[in-house]
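A short write-up of the structure that comes next.
Whatever order the structure lists ligands and atoms in, that order sets their numbers, starting from 1. Counting from 1, the numbers follow the sequence of the chain as shown. All values below come from the heavy atoms of this structure, side chains included, with hydrogens, waters and symmetry mates left out. Source: prediction; values computed, not measured.
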Amino acid sequence: MSSKTPTIPATSEAVARAADVLREGGLVALPTETVYGLAARADGAEAVAGIYRAKGRPDFNPLIVHVRDLDHARQYGLFPDAAANPALAIWPGPLTIVVPLREIAGLAPAVTAGLPTIALRAPAHPAIRELLQHVDFPLAAPSANRSGFISPTTAQHVLASLDGRIDLVLDSGATSGGIESTILAVRDDGRWEQLRPGPVDLDALHREFFGTAMPPSRGKGAVEAPGQLTSHYAPGKPVRLNMRQPEADEFVIGFGAVAGDCSLSASGDLLEAASKLYDCLHQAAASAKPRVAVAPVPVAGIGAAINDRLERAAAV
Ligand code: AMP
Ligand code: MG
C-alpha cells in the first residue's frame, strides 16, 4: 500500500529529518514504548493546533509533553519530592506525571488546554529519545490516531486514520508495551491520584515511597474535567465484554483458553495481552462481523489497564 504521508524506517537519518519537520512546525508520528505518538513542538501554538486538527481532538483534552529527563521536565513543571521520586524511579518509561505548570514554561497554552497543570513524561523508546536530543523544544504527543478511535501500535495503524493529514511517519514495527502510560497526578499537598491506569503499578510505587497503599482513584468520569473521556478506543461497532458464549455474528477477541478470531494471549500472559490489545481491536474494526465480543481478562496488574481500555472501547 503506498501512503500519501511519507513513511520511513526510524533510522538516525530519519530521526534527523523528523527533527527538521518538527522545527518547521510540522507533525510527525513516531513510535514510543507504549503506542505511536503524533508529535509537534510543544512551544508552537500553530504546531499544537495542528495536532488537534489532524486528530479531530476536542480542544479541552490536554496533551502529554515528552521530555528528555527530570531536569528537562523541571523547565516546565514544578517537581516536589512526591513528584520527583517516581520520575527518578521510572523515567525513561511509561509513567506520565501531572504537576503544577511553571509560570515561565513558554509552551503553547493549548498543550495544557488552559489548565494550571502539565502532564510530563520521559519516554524510553530509542527513536523518540534520539529525536529529543536533536531539538531544543519538548514534544507534545498524544496517540497518533483520530480522536476516539483505536490507538496505534504499528505504522500501518497510524496511516489507517491519519494518512495525508500529517507530514511524516517513522516506522519501527510494533511497539513493545502496547498500552498508554500510567498517569499520576501529584496534588499541591503531595497526595497522589491515579488519572489513568497503565503499565506502571502505582500501588507498588506508593508503598515504596509512602509505606501505604495508593489512595483509591475517583470514579470513572470524575477524573480531571478534561480528558479521560468515557468513550474511547472505539472500533465503531458494539463491543460486548466478559463474553462466555460467542454469537455467530461476533468477532471474538480471545484470551487464554478462549482462542477467538484474534487472541490477546493464548498462554494467558497479561503483558502480551497489553501489547496485542489494539491490534486485535483494529482487526475487529476491519472485520466484516458487525459486533465484537471479548473474553474475560483478569484485572490483576496491567490487567486493570487492559480492562479500563476495553470498558472505554465498549462505552457508547
Ligand atoms: P493521550 O491522548 O493518550 O496522550 O492522553 C492524554 C491524557 O493525558 C489526556 O486525556 C488527559 O487525561 C491527560 N492529561 C494531559 N494533561 C493533563 C493535565 N494537565 N491534567 C490532567 N490530565 C492531563
Ligand atoms: Mg489517545
Subject >> ligand 1 contacted by Thr112 (non-hydrogen, < 4.0 Å) >> reply: no
**OP:** Answer with yes or no whether Leu63 contacts ligand 1, where contact means a heavy atom under 4.0 Å from a ligand atom.
**Re:** yes
Distance filter under 4.0 Å to [X] heavy atoms, resulting ligand 1 atoms:
X	result
Ile183	7 (C), 8 (O), 13 (C)
Leu115	18 (C), 19 (N), 20 (N)
Thr117	18 (C), 19 (N), 20 (N)
Asn61	9 (C), 10 (O), 11 (C)
Pro142	2 (O), 4 (O)

Do we see a donor-acceptor contact under 3.5 Å between the side chains of [X] and [Y]?
X	Y	answer
Ser267	Asp269	no
Glu180	Ser143	no
His157	Asp279	yes

Considering only NZ, NE, NH1 and NH2 on the basic side and carboxylate oxygens on the acidic side, decide whether [X] and [Y] come within less than 4.0 Å.
X	Y	answer
Glu33	Arg121	yes
Glu250	Lys289	no
Glu272	Lys276	yes

**OP:** With heavy atoms under 4.0 Å as the rule, classify the contact between Leu195 and ligand 1 as side chain, backbone, both or neither.
**Re:** side chain
**OP:** Report the part of Glu193 (side chain from C-beta onward, or backbone N, CA, C, O) that has a heavy atom under 4.0 Å from ligand 1; answer both or neither where that applies.
**Re:** neither
Subject >> Under-2.8 Å protein N/O/S neighbours of the Mg ion (ligand 2), ordered by chain then residue number >> reply: Ser143 OG
Original post:
With Phe251, which residues qualify under ring-ring contact (aromatic ring centres under 6.0 Å, His included), at least two apart?
Top reply: none
Original post:
Between Lys237 and Ala284, what is the shortest heavy-atom contact and its length?
Top reply: NZ-O, 3.0 Å
Subject >> Phe149 and His282 aromatic ring geometry - parallel, tilted or perpendicular at 30°/60° bounds >> reply: perpendicular
**OP:** Could you point out which residue of Leu132, Val67, Ile64 forms a side-chain contact (heavy atoms from CB on, under 4.5 Å) with Pro123?
**Re:** Leu132
Subject >> Ring-face cation contact, Tyr76 with Arg102, 6.0 Å cut, 45° max >> reply: no
Original post:
Do any nitrogen or oxygen atoms of Glu180 come within less than 3.5 Å of a nitrogen or oxygen of ligand 1?
Top reply: no
